[in-house]
Every structure is written in C-alpha cells, then in structure tokens.
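Just the heavy atoms: all of them, side chains too, but no hydrogens, waters or symmetry mates, feed the values below.
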Amino acid sequence: MEGKKLTLAITLTLGLTTMLNGSFVHAASVSELNKQQKELEQKKSSVNSELNEASQKLEENKSNQAALSADMQKLDAEIQEATQKLDEINQQINQKNQEITNLENEIKQIEERIKKRDQLLKERARAMQANGTVNYLDVLLGSQSFTDFISRVTAVSTIMEADKSIIEEHKRDHKLLNENKLKIEQEKAQIETLKGQLESTKATLETKKAEKDQILAKLKEEQDSLEEHYMDLQEQQQLYANQEAAIKKAIELEQKRQAEAAKAQQREAAASGGGGSFAPAAPVTGGLFIRPTGGSITSGFGGRGSGHHFGIDIGGSAGDPVYAAASGVVYRSYYSSSYGNVVFITHYINGQTYDTIYAHLSSRSVNEGDVVQQGQYIGAKGTTGQSTGVHLHFELHVGKWNVAKSNAVDPRSYIHF
C-alpha cells in the first residue's frame with residue numbers, strides 16, 4: 001500500500017464526539033461537526049461538478065473513437081478494394097505472361113520459317129552461281145517461236161513471282177516478329193505500371209490506417225484513464241454519502257451526550273443542595289490512543305528505501321486481533337488494491353479530528369457508519385494487498401487523511417509501544 005495511492009482522490013473525515021476515559025468532549029463539538037458537515041457539502045458539490053466534467057470528456061472520447069472507427073472502416077474497405085484490384089492485376093499479369101509465352105512460341109516458329117527461307121534462298125543463290133547467272137531477257141529473246149516465247153514468259157513470270165513471294169513473306173515475317181516483340185514489351189510495361197500504382201495506393205492506405213490505429217490506441221488509453229478517474233469520483237461520491245450519514249449520526253450522539261451530561265450535572269447540583277455553578281468537563285490530558293494490536297514494530301515511520309513510510313508496521317501472526325485505538329466512527333471499510341482489507345476510523349477528541357488506518361487485515365468485523373469504542377475488536381491481522389508478510393500497517397493522522405498524507409504523524413508520539 002505504501003507507494004501506491006488509493007483510488008480515492010479525497011477522503012473526508014468526520015467529527016465524532018464521545019466520552020474517553022470518563023472525560024467529556026467540550027460543548028462546542030456539535031457546532032464543529034455542523035461546520036464539518038457544511039465543508040462536506042461543499043466538497044460533495046465540487047466532486048459532482050468534476051463528475052459531470054469527467055462524464056462529458058468520456059462521451060467526447062467515445063464520440064471521437066466512433067468517428068475514427070468509421071474512418072477506419074472506410075479505409076479497410078478501400079484497402080480491400082485495392083487488394084482485390086491487385087489480385088485482378090496479378091491475374092491479368094499471369095494471363096499476359098501466358099500470352100507472351102504463346103507469342104514467344106510463335107516468334108520461334110517465325111524464326112524457324114525465316115531460317116528455312118534463308119536456307120532456300122542461299123541454295124537458290126548457290127544454284128545460280130553454279131549454273132551461271134540467268135538473264136531472263138536472253139531467255140525470252142532466245143525463243144524459237146511465238147509459242148516458245150509465251151512459254152518462256154510464263155516460266156520466267158512464275159519463277160519471278162515465286163522468288164518475289166518468298167521475299168515478301170520473308171519481309172512480313174520479320175515485320176510481324178518485330179511487332180510482336182514490341183507488343184509484348186508495351187503490354188508488360190502497362191501492366192507493371194498499373195501494378196505499381198495500385199501497390200502505391202494500397203501502401204498509402206495502409207499507412208493512413210496505421211496512423212489512425214495509433215490515434216485510436218491513444219484514445220482508448222485516454223478512455224481507460226478517464227474511466228478510472230470517473231470511477232474514483234464515483235467512489236468519492238459514495239464516500240461523501242457515507243460520511244454525511246456518519247456526521248448526522250455523530251451529531252445525534254453528541255446532542256444526546258450533552259443532554260445526558262446536563263442532567264447528570266443537575267442531579268449532582270441537586271444532591272449538593274442546589275448551590276454552586278456547573279463545573280466544566282475536565283479535558284483529556286493523556287491516554288487518547290491505545291495500541292491497536294500486540295507484536296513488535298518491524299518497520300518504523302519515516303524514510304524507507306526510495307520513499308516514505310507514513311505509518312508503522314506491527315508484526316505478529318495471521319489472525320491476531322486488531323482493536324480500535326480510540327472511540328470513533330468507521331467511515332471506510334473495504335478492500336483496496338494497495339491497503340488490502342482496510343478500516344478507516346475518524347476520531348474527534350478535545351476539539352481535534354484524528355484519523356487512524358488499519359491495513360492488510362485478513363478480515364474486517366466493522367462496517368462503514370459503525371460507531372466503535374476504544375479497544376473494540378475491528379478485524380484480524382493479515383497480509384492482504386501490497387504486503388510482503390503478516391503485519392498490521394497502522395497510520396495516525398492529526399486531521400483529515402488525504403492522498404498526500406500530509407497530516408500523517410509517527411504513532412509512537414501518541415502511543416507507547
């Protein structure tokens with residue numbers, strides 16, 4: 001519990017007027033309690049304002065998260081669309097790759113045809129070289145008759161057309177080869193460009209989503225903090241309600257005590273002959289607090305390690321009884337993550353408010369609002385909460401307990417151990 005504050009942001013102490021060791025609290029105690037009650041109402045109003053403000057911040061945070069979640073859903077849809085388009089592009093790329101493979105096969109066939117024609121033309125050239133160059137005009141003029149001339153013309157035309165056809169087809173195949181190669185390169189470039197654009201778009205969308213994820217994470221972290229603060233304020237609100245009921249009870253008890261004290265003084269005056277004035281109650285001069293439990297002190301008040309110990313630790317065995325150090329009103333009895341099972345008691349003695357805290361109990365036998373007497377059993381020693389061994393952590397505050405524990409004093413200044 002030392003080193004970690006309680007979830008309460010403010011703790012209110014109440015005044016309780018009671019009789020200790022046969023001595024009466026002064027008559028102004030009811031007025032003091034009424035004053036504390038007014039202070040409580042002011043602080044309660046302040047907490048309510050903080051609670052409303054915290055509630056507004058929570059709603060604003062939730063609204064921001066909802067808007068951000070909507071943006072992220074839109075981004076998710078866009079990313080999914082880009083992913084789908086990329087899949088389609090990849091399919092197109094696969095299809096084009098297949099077409100390219102087919103074209104490459106066609107190119108190989110064309111190249112094979114060209115190779116064969118080249119071989120044919122080479123063979124024709126060799127034949128012409130072996131037989132001598134043929135002059136088609138000499139062939140025509142060497143005809144013996146008109147019929148022979150016609151035959152020779154037809155033969156020459158046929159040969160020339162055949163050669164021309166081979167050459168033209170040879171040119172077309174070369175042109176087709178070049179066109180197919182260019183087509184393949186262009187299609188490849190177009191597909192790769194489109195793929196690059198889509199990948200860039202998807203990367204941009206994913207970057208935006210990552211940024212929004214970070215913002216959303218911060219909002220959720222802020223929400224956790226706001227909710228924790230909101231719960232603290234709600235706990236304070238409940239505490240104030242408990243304290244209000246306890247103060248009302250303390251006022252009733254004090255009024256009853258004063259009435260009984262007045263009657264007792266009247267009886268004493270009547271018994272002494274009715275003379276004399278009422279003597280004021282004797283102030284408490286000592287013995288305000290008693291030891292809350294048996295055992296030796298295992299850790300004192302003051303600096304300890306890197307922090308400050310605001311109470312004393314009293315060792316012993318699990319289940320050892322723990323008693324109220326003075327009469328008072330229980331204003332908090334619950335389980336704390338740091339204090340473990342803990343009881344807070346407020347005391348009003350000789351016009352001064354004190355708070356005592358009993359922490360790390362294994363069990364508690366008193367509830368909030370209970371009026372306890374000095375020496376009354378309130379629980380058993382244990383090691384709950386942030387505790388490393390069985391002991392009672394006992395604090396004494398001259399004034400109200402607060403988060404900073406600025407009112408904490410060494411209990412050994414008031415109690416003999």
Side-chain angles (χ1 to χ4, degrees), residues 12-41 242-293 321-331 333 343-358 365-378 394 396-401 407 409 411-417:
L12 242 242
T13 55
L14 1 140
L16 172 69
T17 305
T18 187
M19 196 187 312
L20 297 171
N21 300 325
S23 298
F24 289 107
V25 179
H26 63 77
S29 56
V30 172
S31 175
E32 178 66 24
L33 288 171
N34 284 325
K35 180 181 177 182
Q36 291 189 22
Q37 190 174 30
K38 289 181 180 179
E39 291 177 357
L40 170 63
E41 290 173 354
N242 293 347
Q243 294 289 5
E244 211 165 21
I247 285 179
K248 183 177 180 182
K249 183 182 292 186
I251 292 174
E252 292 173 354
L253 289 172
E254 176 57 16
Q255 289 173 338
K256 181 179 179 181
R257 185 205 65 76
Q258 288 186 7
E260 291 176 351
K263 289 179 182 179
Q265 287 180 341
Q266 288 174 359
R267 287 195 296 270
E268 290 176 4
S272 62
S277 58
F278 296 129
V284 176
T285 57
L288 303 184
F289 299 93
I290 64 170
R291 283 181 61 114
T293 188
V322 176
Y323 308 102
S327 299
V329 173
V330 177
Y331 71 90
S333 177
V343 173
F344 287 68
I345 302 177
T346 224
H347 317 274
Y348 192 75
I349 305 171
N350 292 341
Q352 176 64 53
T353 299
Y354 300 88
D355 271 3
T356 52
I357 291 88
Y358 312 78
S365 62
V366 290
N367 300 313
E368 295 172 0
D370 287 352
V371 176
V372 296
Q373 301 301 318
Q374 187 179 56
Q376 180 178 331
Y377 177 80
I378 61 172
F394 177 70
L396 196 156
H397 299 255
V398 179
K400 303 173 182 178
W401 183 95
N407 295 329
V409 296
R412 291 173 293 189
S413 300
Y414 289 78
I415 306 171
H416 177 69
F417 285 90

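- No side-chain donor-acceptor contact under 3.5 Å links Q373 to the backbone of S327.
- At least one donor-acceptor pair closer than 3.5 Å links the side chain of N407 to the backbone N or O of K400.
- Between the side chain of Q374 and the backbone N or O of L288 there is at least one donor-acceptor pair closer than 3.5 Å.
- One distance of note links NE2 of H416 with CZ of R291; it measures 8.5 Å at 0.5 Å rounding.
- Counting heavy atoms from C-beta outward, F289 and I349 have side chains that approach closer than 4.5 Å.
- Residues I415 and I290 are not in side-chain contact: their nearest non-hydrogen atoms beyond the backbone lie 4.5 Å or more apart.
- In this structure Y323 satisfies the side-chain contact (heavy atoms from CB on, under 4.5 Å) test together with P321, Y377, sequence neighbours excluded.
- Partners of R412 by salt bridge (charged side-chain N to carboxylate O under 4.0 Å, His left out), not counting sequence neighbours, listed by chain and number: D410.
- Defined by atom type and a distance below 3.5 Å, a donor-acceptor pair is missing between the side-chain atoms of N367 and S333.
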Please report the C-alpha distance between V372 and V330 in whole Å, then the side-chain angles of each, then the deciding distance to 0.1 Å, and finally whether the side-chain contact (heavy atoms from CB on, under 4.5 Å) criterion is met.
CA-CA 7 Å; V372 296; V330 177; 3.8 Å; yes
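- When side chains are defined from C-beta on, H347 counts as touching T356, because their heavy atoms get closer than 4.5 Å.
- Residues satisfying the side-chain contact (heavy atoms from CB on, under 4.5 Å) test with V409, not counting sequence neighbours, are L396, V398, Y414.
- Between I345 and Y358 the shortest side-chain heavy-atom distance falls below 4.5 Å.
- For the pair W401/I357, a side-chain contact is recorded, criterion being any heavy-atom separation below 4.5 Å from C-beta on.
- A heavy-atom distance below 4.5 Å is found between the side chains of Y331 and D355.
- The main-chain N or O of I378 is found under 3.5 Å from a side-chain atom of S365 such that the two form a donor-acceptor pair.
- Put simply, the side chain of T353 reaches to within 4.5 Å of the side chain of T346, judged on heavy atoms.
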